[in-house]
Structures are given as C-alpha cells and as structure tokens.
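All ligand and atom numbering here is 1-based and tracks the order in the structure.
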Amino acid sequence: MGYSYDRNNIFAKILRGEIPNETVLETEHSLAFEDVNPQAPVHVLVIPKGAYVSLDHFTQDASDAEIVDYNRTIGEVCKLTGVQPSLGGSGFRAIANTGADGVQEVPHLHVHIIGGRVLGRMLNKA
Ligand code: AMP
C-alpha cells in the first residue's frame, strides 16, 4: 500500500497561501510556523514544502536536498526560539505524530518543536 497525499489538508493550504500562518522561518524546501494551539511557550511546526504524509514517507521518498534542508530548518528553529541548550536554552521536545496510533491530525509531515517549560515524561503510562 503506497502513500496517498490529501492535497486539501490544512498545511497544504498554508503552503499554497490560502490560509495565513505566523512564519518563523522559510527555506527553499521547508516552512516553520507557530502552532495555532500552542501546548507550551514555544510550539513551532516544521513542515517540508513537498507533498509528504509523514516522517516515514519523507525519509523514504524525499530527495537528499529536501532531507538536508528540512533537518537544518529544525536546527535553525531550535536556535531562533531559544530552546537550544548549547545557546543557554532549557531544551525541547521534537515530535512527529504519525498515523492512527500516533494520533496524527494533519496528514502532512510536521515536526512539533515544543519547549519553554518542563514537559514532563514523554508518554503517560497507560
Ligand atoms: P498533529 O496531531 O501532530 O497532527 O498536530 C497538528 C497540529 O497542527 C496541532 O498542534 C494543531 O494545533 C496544529 N494546527 C492545526 N491547524 C493549524 C493552523 N492553521 N496553523 C497552525 N497550526 C495548526
């Protein structure tokens, strides 16, 4: 079963300029913007501009240029938002919710960069 990309998902609309966003950083292949419903003082979403459903889709099918650009953008967002420990920040969590078990709401790859407060344990014990 291959990947099926929904061109009407909300992040595709943001990339087409049909919905506004609060851009943190834009590069050739990536866009970083503020999450509309932040879970912490820092909550930025980083997405590739290409039509990739998820992290597994992206890491298997994206070009080397896209993959490098995307990872560099994540690093740059850590700097820009002040969460990077080597620059005096207190750290962060990077999350890529994927599929049904990952409770992914928007079917376009996004990594959440979340920080600015102590985030607690990674997962609640079920
Ligand atoms: P996920 O559950 O990982 O798919 O997370 C989707 C995220 O997208 C949530 O944190 C939402 O708050 C966020 N979100 C949904 N619509 C928008 C939007 N128009 N602009 C910014 N963030 C959004």
Side-chain angles (χ1 to χ4, degrees):
M1 201 167 80
Y3 293 103
S4 169
Y5 183 81
D6 170 13
R7 297 200 169 272
N8 285 320
N9 79 74
I10 200 152
F11 295 165
K13 291 180 180 177
I14 284 177
L15 286 167
R16 289 196 296 268
E18 295 166 9
I19 292 177
N21 74 93
E22 278 192 54
T23 299
V24 174
L25 181 63
E26 182 168 8
T27 66
E28 183 181 359
H29 294 295
S30 310
L31 179 68
F33 54 93
E34 302 286 351
D35 194 294
V36 77
N37 183 23
Q39 304 299 307
V42 172
H43 192 164
V44 175
L45 302 174
V46 188
I47 67 172
K49 290 183 176 176
Y52 300 103
V53 174
S54 56
L55 187 60
D56 49 300
H57 186 194
F58 181 72
T59 51
Q60 290 170 44
D61 288 0
S63 68
D64 290 357
E66 290 176 299
I67 290 171
V68 169
D69 180 294
Y70 189 61
N71 281 284
R72 295 283 190 207
T73 301
I74 289 171
E76 200 58 36
V77 165
C78 294
K79 261 189 215 166
L80 291 172
T81 56
V83 296
Q84 183 171 316
S86 70
L87 295 176
S90 305
F92 62 94
R93 188 166 292 154
I95 301 172
N97 295 320
T98 304
D101 282 359
V103 195
Q104 179 180 5
E105 290 172 7
V106 181
H108 181 115
L109 168 60
H110 49 287
V111 166
H112 299 251
I113 302 294
I114 302 173
R117 67 170 171 82
V118 177
L119 297 167
R121 292 182 64 88
M122 186 171 73
L123 295 172
N124 292 326
K125 291 182 179 169

To which protein heavy atom is [atom] closest, and what is the distance rounded to 0.1 Å?
| atom | result |
| --- | --- |
| atom 11 (C) of ligand 1 | Asp35 OD1, 3.5 Å |
| atom 6 (C) of ligand 1 | His110 NE2, 3.5 Å |
| atom 4 (O) of ligand 1 | Glu105 N, 2.6 Å |
| atom 23 (C) of ligand 1 | Val36 CG1, 3.4 Å |
| atom 8 (O) of ligand 1 | Phe11 CZ, 3.4 Å |

Please confirm whether [X] approaches ligand 1 to less than 4.0 Å, judged on its heavy atoms.
| X | result |
| --- | --- |
| Asn21 | no |
| Glu22 | no |
| Glu34 | yes |

N/O donor-acceptor pair under 3.5 Å between [X] side chain and [Y] backbone:
| X | Y | answer |
| --- | --- | --- |
| His108 | Arg7 | no |
| Glu105 | Asn97 | no |
| Ser86 | Gln84 | no |
| Tyr3 | Phe58 | no |

Where ligand 1 meets [X] - atom numbers and elements under 4.0 angstrom, heavy-atom basis:
| X | value |
| --- | --- |
| Val103 | 2 (O) |
| Asn37 | 12 (O) |
| Leu45 | 8 (O), 13 (C), 22 (N) |
| Val106 | 4 (O), 6 (C) |
| Asn97 | 1 (P), 2 (O), 3 (O) |

Show your working on side-chain contact (heavy atoms from CB on, under 4.5 Å) between Thr81 and Phe92 and close with a plain yes or no.
CA-CA 10 Å; Thr81 56; Phe92 62 94; over 6 Å; no

Take the angle between the ring planes of His112 and His43 and call it parallel below 30°, perpendicular above 60°, tilted in between.
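Aromatic pair His112/His43 classed tilted.
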
More than 12 heavy atoms of other groups within 6.0 Å of Glu22 CD
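No.
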
Where do Asp69 and Ser30 come nearest, in terms of heavy atoms and distance?
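It is OD1-OG, 2.5 Å.
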
Taking all non-hydrogen atoms of both residues, which atom of Ala94 and which atom of Val111 are closest, and how far apart?
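Answer, listing the atom of Ala94 first, then Val111: CB-CG1, 4.0 Å.
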
Below 3.5 angstrom, do we get any N/O pair linking [X] and ligand 1?
| X | answer |
| --- | --- |
| Gln104 | no |
| Ile10 | no |
| His112 | yes |

Pick one: which of His110, Glu66, Gln60 meets side-chain hydrogen bond (donor to acceptor under 3.5 Å, both in side chains) with Tyr52?
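Running side-chain hydrogen bond (donor to acceptor under 3.5 Å, both in side chains) over His110, Glu66, Gln60 with Tyr52 returns exactly one hit, Glu66.
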
